[in-house]
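Positions are given from 1, in the same order as the sequence printed here. All values below come from the heavy atoms of this structure, side chains included, with hydrogens, waters and symmetry mates left out.
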Amino acid sequence: MKITTLGALTNFEVLDVLRSRGASSDPLAALGSVSLSECKVFDYLIQTPASVQTREDIDEFMKRCEKYRLLMADKLHIVNFRPTCPEEIEPFMDEGVKRQEPVDSEELAHMISEVLPHLEPKKEAAAQNQTAIEV
């Protein structure tokens, strides 16, 4: 799989590319169009927040988080992992970056919950079980 881009991709964008190539959870259904490893990546991403996000959600998040002056890496982490509280946001913030104003993690968490859709509890539990099995 070759993706031509000028920067890092969100999990949503990777999932979108895999869907466009015919990837599915059933490797036999996608036989010939994608590799087995691409199906495994698809299986993982379909259990993450990327599976319920849209391009509009991500664009809105990027627009609304401009006031926080986050690094692109910070934005990508937030979109990919969709933290729900300040304690989950703080590890994503690069401590080596000198910010003019500190990031209000509480306000950012509220904005994230407004803009980025949340996984359904069933999908979230399945994703946590899958991660626990792999570890």
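Without hydrogens or angle criteria, D16 side chain to F12 main chain gives no donor-acceptor distance under 3.5 Å. Here the side chain of D57 pairs a donor or acceptor atom with the backbone of T54 at under 3.5 angstrom. A side-chain donor-acceptor contact under 3.5 Å links N80 to the backbone of N11.
Closest non-hydrogen pair, I46 versus D43, comes out as CG2-O, 3.2 Å. For S24 against C39, the heavy-atom pair with the smallest separation is O-SG, 3.8 Å. Nearest heavy atom pair, residue V79 against residue P49, reads O-CB, 4.5 Å. Heavy atoms only, all atoms of each residue included: S51 and L119 are closest at OG-CD2, 3.7 Å.
Contact of the H77 side chain with the M72 side chain is not registered, since no non-hydrogen atoms from C-beta on lie closer than 4.5 Å. Contact of the E13 side chain with the V17 side chain is not registered, since no non-hydrogen atoms from C-beta on lie closer than 4.5 Å. Side-chain contact between P83 and I78 is present, with heavy atoms from C-beta onward closer than 4.5 Å. Side-chain contact between I89 and I112: present, with at least one pair of heavy atoms (C-beta onward) separated by less than 4.5 Å. Within the 4.5 Å cutoff, no side-chain heavy atoms of H118 are placed close to those of S113. Here the side chains of T48 and L15 are not in contact, with every heavy-atom distance at 4.5 Å or above. By the 4.5 Å heavy-atom criterion applied to side chains, F61 and Q53 are not counted as neighbours.
Taking the charged nitrogens against the carboxylate oxygens, E88 and R82 have no contact shorter than 4.0 Å, which rules out a salt bridge. Taking 4.0 Å as the cut-off between side-chain N and carboxylate O, E56 and K63 do not count as a salt-bridged pair.
Remark: E60 CD to M111 CE distance equals 8.5 Å, nearest 0.5 Å. To the nearest 0.5 Å, atoms CD (E38) and CZ (R21) are separated by 4.5 Å.
There is a side-chain donor-acceptor pair under 3.5 Å between H110 and E114.
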